[in-house]
Structure formats: C-alpha cells, structure tokens
Trainee: 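Let me give you the structure first, and then I'll get to my questions.
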Amino acid sequence: MQIEIDQNRIAQEIDALAAFSDVEPPAVTRIVFSEQDVRAREWLKERCIAAGLDLHVDAVGNTFVRWEGSRPELPAVATGSHIDAIPHSGKFDGVVGVLGGLEAIRALKKSGFQPVRSIELIQFTSEEPTRFGIGCLGSRLLSGALKTSVDETLRDSSGNTLAVVRERAGFSGDLATVRLPEGFYSAFVELHIEQGPILEREKIAIGIVTSIAAPASFLVTIEGEGGHAGGTLMPGRRDALCAASELILAIERFARGSGSADTVGTVGTCEVHPGAINSVPSRVKLGVDLRDTDGDRRDVVLGQIKKAVEEISRRRNVSIAIEMLNADPPAASSTQVLDAISAACDVMKITSRRVVSRAYHDSSFMSLIAPMAMIFIPCRGGVSHRPDEFADIRGISAGVEVLARSLAELSSNLA
Ligand code: GLV
Ligand code: MN
Ligand code: MN
C-alpha cells in the first residue's frame with residue numbers, strides 16, 4: 001500500500017495549534033478548559049469535519065472522531081492523545097499524537113484503503129495534571145479508573161469544582177456516561193514524542209513502547225508557626241519551609257538511592273504561606289511526582305518518604321500531612337499491537353527498537369479496556385515539557401506513516 005503523508009500540512013497544523021496559547025512562542029501554555037483550550041478544540045473540530053469525519057464529545061470533553069468501517073458493529077480501532085499543555089512547555093507533546101492521528105486517517109483515505117473495523121481518533125481531556133492535580137483525567141474516567149465523584153471533589157486553584165469548570169467550558173452531562181466498557185475498542189495505539197534521549201542517541205527512527213512506568217503523585221502540607229522575621233528568634237522556630245527543604249532533599253536522596261536509574265522523584269510545586277520576605281513561613285504545600293518502571297520499587301521509596309515525613313515532623317515540631325493523588329501500576333503493551341507496529345516498520349524499512357515509556361500517557365489507562373501499544377519518535381536532546389521541545393518533521397512524518405499502517409492492519413484484523 002502506498003501511503004503519502006502530507007508533511008507541509010501537518011507542520012502547518014502543529015504551528016497553528018501552538019498559537020492557541022497563553023504565553024509568547026516558542027513556549028506554549030494551554031491549560032484544560034481555559035479559553036485557549038476551548039478555542040483549540042474548536043479549531044481541531046473544524047479540521048476533522050473538513051476531513052469528512054464524524055465527531056462526538058463526551059461529558060468531560062473527550063472528543064471522538066470516527067471514520068466508519070465496513071463493519072461498524074465491530075469494536076473500532078482507536079488512536080489519539082492530548083492537546084493540553086503544561087505551563088511553558090513546547091508544541092509537540094500530545095499534539096503529534098492528535099494531529100498525527102488525523103493525518104494518518106487522511107493519508108489512509110487518500111490511499112484508497114477501506115477500513116473494516118471503524119477507526120477512531122480520540123482527543124483526551126486533561127492528560128496533564130496542571131489544573132486539577134491529576135493527570136489523564138479523560139482517559140481515567142473513560143476506562144473507569146476514576147470515580148465520578150471527582151466532579152465535586154476535584155478543584156482548580158481558584159476553588160472551582162470540575163463540574164463547574166467543565167460546564168463553563170461547554171461540557172455538561174453526567175460523568176457516569178463517560179465510561180466505556182472493556183472491549184469497546186479492539187486496539188488502541190498512541191503516537192508520541194519520546195520525551196527521552198534514547199532514539200536520537202542511537203539514531204533510531206521509531207521506539208515501540210512495551211510498557212509505561214508506574215506514576216504516583218501526592219501533596220504534602222506542612223504546618224509550622226509563622227511570625228515576624230526579625231522578632232522571632234531562631235531557637236524554637238517552627239519554620240515550615242525549612243522542614244519542606246529537608247523533605248525535598250530526602251526525596252531526591254531516596255530516589256537516587258533506590259538502586260535503579262529508573263526511579264525518579266520530583267518536587268515540582270511549592271507554595272509558601274504567607275509568602276513575604278519578612279515573615280517566617282507558617283505553611284508550605286509541596287507537589288511531588290514519583291515514578292518507576294517497577295511499581296514495587298516505587299512503593300519502597302514512597303515508604304521511605306513517609307518515614308522521613310514522620311521524623312522531620314517530630315524533630316522540627318511541625319505537622320505534615322500527605323494527600324495521595326494517584327499511585328498507578330505500570331501498563332503493559334499488547335503483543336498484537338506491538339506486532340502491528342513492528343510490521344509497519346519492517347514494510348517501511350526503518351529502524352526501530354523496543355523502549356519503555358518513563359512518561360505516563362492516556363495509553364496507560366486505555367490499556368485497561370483495550371490491547372494497547374505506543375509509537376515513539378525521537379525528540380531533540382530528549383527534551384520535553386520545555387519551550388525548546390522539538391521534533392523534526394521527517395521524524396514526525398515517519399511516525400505518522402507507522403501509525404497509519406498500524407491502524408490499517410489492526411482495522412483489518414478480525415481475530
Ligand atoms: C505526562 O505529561 C507526564 O508527566 O508523564
Ligand atoms: Mn506532557
Ligand atoms: Mn504527552
């Protein structure tokens with residue numbers, strides 16, 4: 001089968017989508033349900049309709065774009081990713097999987113291919129945890145990994161519930177309707193930039209993802225005692241930020257000391273109250289991200305952190321509370337989908353290797369309801385979640401063709 005990827009079109013679309021942002025280029029900030037996110041969704045919708053595809057949106061804003069197969073009654077094959085972007089990030093994370101999915105469908109249509117199973121492109125809501133503190137919101141709800149009560153319990157930094165925020169963005173309805181049963185899709189495959197250095201370093205075109213690391217995240221609230229920075233003498237101080245500093249360094253030490261380079265721990269947010277230079281910090285809130293390819297090893301580190309919390313709290317006479325946001329298991333890819341990706345690479349005569357994803361993806365949760373695997377393409381220096389994130393258009397194009405061929409194979413597979 002001859003497949004032509006329109007490189008110019010996808011490059012232009014990536015740039016056009018990057019313009020929906022709250023910051024100046026090359027940085028991109030597109031927080032879920034912000035005005036820019038809503039405008040970007042509208043723009044994407046128009047592109048999909050122009051490609052002759054049917055579209056529907058669920059109560060949390062997950063968007064499903066369908067190319068009907070000759071056997072529409074069969075479970076469809078799906079692909080997709082996210083278009084929300086963390087503050088000051090780049091234009092490729094997630095976007096390559098959404099626009100690449102659209103381009104793959106357009107290229108298959110142009111080639112004359114007729115799908116047997118329908119092919120769906122999904123744009124997932126809030127893969128990034130920026131607004132509500134938990135990543136993969138749309139795919140968690142879709143796969144049943146998250147209770148629908150989050151509609152009232154999840155709040156953004158302004159105190160608005162998910163229910164209120166999604167309604168304001170134009171997405172209403174009962175969250176219970178978002179869930180799809182196991183077997184709803186016959187396969188799910190996501191195209192994404194690697195967000196790591198292996199492919200570029202080894203000059204390999206395609207990473208075939210065999211598993212996705214186990215992510216956990218939690219908030220730590222430290223309550224000490226505030227006071228005047230001049231008048232409060234050092235003996236007896238209960239400085240919440242000093243306690244937080246010890247904990248931050250302990251997290252780094254435990255992650256480094258796990259015995260494996262696959263353990264990573266990051267304190268990515270730190271709110272200090274009252275946040276005045278001449279006031280002893282009375283309260284600090286930390287946001288912690290802890291991951292490992294091995295879920296048990298991650299949990300050992302989690303246990304060490306909890307012990308350190310108790311010790312620091314006692315010694316510094318501060319109270320420390322931990323609120324777990326998520327602690328997910330690793331996700332394993334399916335042989336059937338891995339084989340379809342490998343076969344596509346073989347047909348195209350391009351290099352590939354099996355890799356593990358250290359970042360999490362909507363695929364982690366799609367694996368709960370469908371056989372899943374991912375296609376990675378190289379990104380410069382392995383850099384991601386930064387404005388200088390970059391993927392070469394030839395690499396993107398190769399990834400899109402691998403995706404198109406994988407979708408074609410999976411759509412024809414009636415087993
Ligand atoms: C996804 O953006 C992640 O943090 O892995
Ligand atoms: Mn990301
Ligand atoms: Mn992503």
Side-chain angles (χ1 to χ4, degrees), residues 21-24 27-29 31-32 34 85-89 128-135 153-162 164-165 215-258 263-291 298 301-327 385-388:
S21 167
D22 283 319
V23 288
E24 287 300 308
V28 178
T29 298
I31 309 301
V32 69
S34 63
I86 67 161
H88 294 273
S89 59
E128 301 291 6
T130 319
R131 186 154 194 173
F132 294 105
I134 186 159
T153 56
L154 287 180
R155 287 177 188 270
D156 67 8
S157 59
S158 309
N160 294 313
T161 61
L162 171 60
V164 166
V165 177
S217 63
F218 52 96
L219 299 175
V220 182
T221 305
I222 304 171
E223 303 263 7
E225 189 173 20
H228 194 288
T232 314
L233 298 181
M234 297 312 282
R237 274 201 190 192
R238 298 168 57 223
D239 183 321
L241 186 55
C242 289
S245 311
E246 281 201 39
L247 184 59
I248 292 169
L249 291 177
I251 291 170
E252 183 189 46
R253 202 166 53 246
F254 297 142
R256 279 184 195 274
S258 77
T263 318
V264 284
T266 308
V267 180
T269 60
C270 177
E271 288 167 29
V272 181
H273 182 83
I277 194 168
N278 56 352
S279 186
V280 178
S282 60
R283 187 174 65 243
V284 170
K285 205 169 190 179
L286 303 176
V288 189
D289 181 301
L290 182 68
R291 314 182 189 203
R298 178 203 64 195
V301 172
L302 192 55
Q304 290 174 320
I305 294 171
K306 286 181 176 164
K307 267 199 168 144
V309 159
E310 280 170 26
E311 193 277 321
I312 294 167
S313 157
R314 221 175 12 250
R315 182 163 44 75
R316 285 191 166 266
N317 194 19
V318 293
S319 76
I320 309 184
I322 293 185
E323 182 194 342
M324 284 311 293
L325 297 171
N326 65 293
H385 283 187
R386 277 175 25 187
D388 55 342

Trainee: Do Asp22 and Pro87 have side chains that get closer than 4.5 Å, going by heavy atoms?
Mentor: no
Trainee: Please report the C-alpha distance between Leu290 and Ile305 in whole Å, then the side-chain angles of each, then the deciding distance to 0.1 Å, and finally whether the side chain to side chain contact (heavy atoms under 4.5 Å, CB included) criterion is met.
Mentor: CA-CA 10 Å; Leu290 182 68; Ile305 294 171; 4.1 Å; yes
Trainee: Between Ser89 (side chain only) and Ile86 (backbone N and O only), is there a donor and an acceptor less than 3.5 Å apart?
Mentor: yes
Trainee: State, to 0.1 Å, how close Ala308 and Leu247 come at their nearest heavy-atom pair, and which atoms those are.
Mentor: CB-CD1, 4.5 Å
Trainee: Kindly say whether Asn317 contributes a backbone atom to a donor-acceptor pair with the side chain of Arg238 at under 3.5 angstrom?
Mentor: yes
Trainee: Output the distance between atom NE2 (His228) and atom OG (Ser279), rounded to the nearest 0.5 Å.
Mentor: 8.5 Å
Trainee: With rounding to the nearest 0.5 Å, note down the distance linking CZ in Phe132 to CG in Leu325.
Mentor: 13.5 Å
Trainee: Please round to the nearest 0.5 Å and tell me the distance separating atom CG of Asp289 and atom OG of Ser217.
Mentor: 6.5 Å
Trainee: Between Glu311 and Arg315 (salt bridge meaning N to carboxylate O under 4.0 Å), is one present in this structure?
Mentor: yes
Trainee: Counting only heavy atoms from other residues, nucleotides and ligands, does the tally under 6.0 Å from CZ of Arg155 exceed 12?
Mentor: yes
Trainee: Taking the side chain from Ser21 and the backbone from Thr29, do they hold a donor-acceptor pair closer than 3.5 Å?
Mentor: yes
Trainee: Determine whether Val32 and Thr130 make a side-chain contact, defined as any pair of heavy atoms from C-beta on separated by less than 4.5 Å.
Mentor: no
Trainee: How many angstroms lie between atom CZ of Arg253 and atom CD1 of Ile248, to the nearest 0.5 angstrom?
Mentor: 12.5 Å
Trainee: Please say which of Asp239, Val318, Ile312, Leu241 ends up in a side-chain contact (heavy atoms from CB on, under 4.5 Å) with Ile222.
Mentor: Val318
Trainee: Taking it one step at a time, do Leu302 and Met324 satisfy side chain to side chain contact (heavy atoms under 4.5 Å, CB included)?
Mentor: CA-CA 11 Å; Leu302 192 55; Met324 284 311 293; 4.0 Å; yes
Trainee: Work out which heavy atom in Cys270 is nearest to a heavy atom in Leu286; give both atom names and the distance.
Mentor: SG-CD2, 3.7 Å
Trainee: Rounded at 0.5 Å granularity, tell me how far CZ in Arg237 sits from CZ in Arg316.
Mentor: 11.0 Å
Trainee: Please confirm whether the backbone N or O of Ile31 pairs with a side-chain atom of Arg131, one donor and one acceptor, at under 3.5 Å?
Mentor: no
Trainee: Is there a side-chain contact between Arg298 and Val301 (heavy atoms, below 4.5 Å)?
Mentor: no
Trainee: Test your reading of the model: is there a side-chain donor-acceptor pair from Ser313 to the backbone of Ser319, 3.5 Å cut-off?
Mentor: no
Trainee: Is a salt bridge present between Glu271 and Lys285, judged by a nitrogen-to-oxygen distance below 4.0 Å?
Mentor: no
Trainee: How far apart are the closest heavy atoms of Gly265 and Ala255, and which atoms are they?
Mentor: N-CB, 3.7 Å
Trainee: Work out which heavy atom in Gly226 is nearest to a heavy atom in Ser282; give both atom names and the distance.
Mentor: N-CB, 3.4 Å
Trainee: Got Pro129 and Ile134 here, is their nearest side-chain heavy-atom distance under 4.5 Å?
Mentor: no
Trainee: Could you tell me if the side chain of Ile322 sits less than 4.5 Å from the side chain of Lys306, heavy atoms only?
Mentor: yes
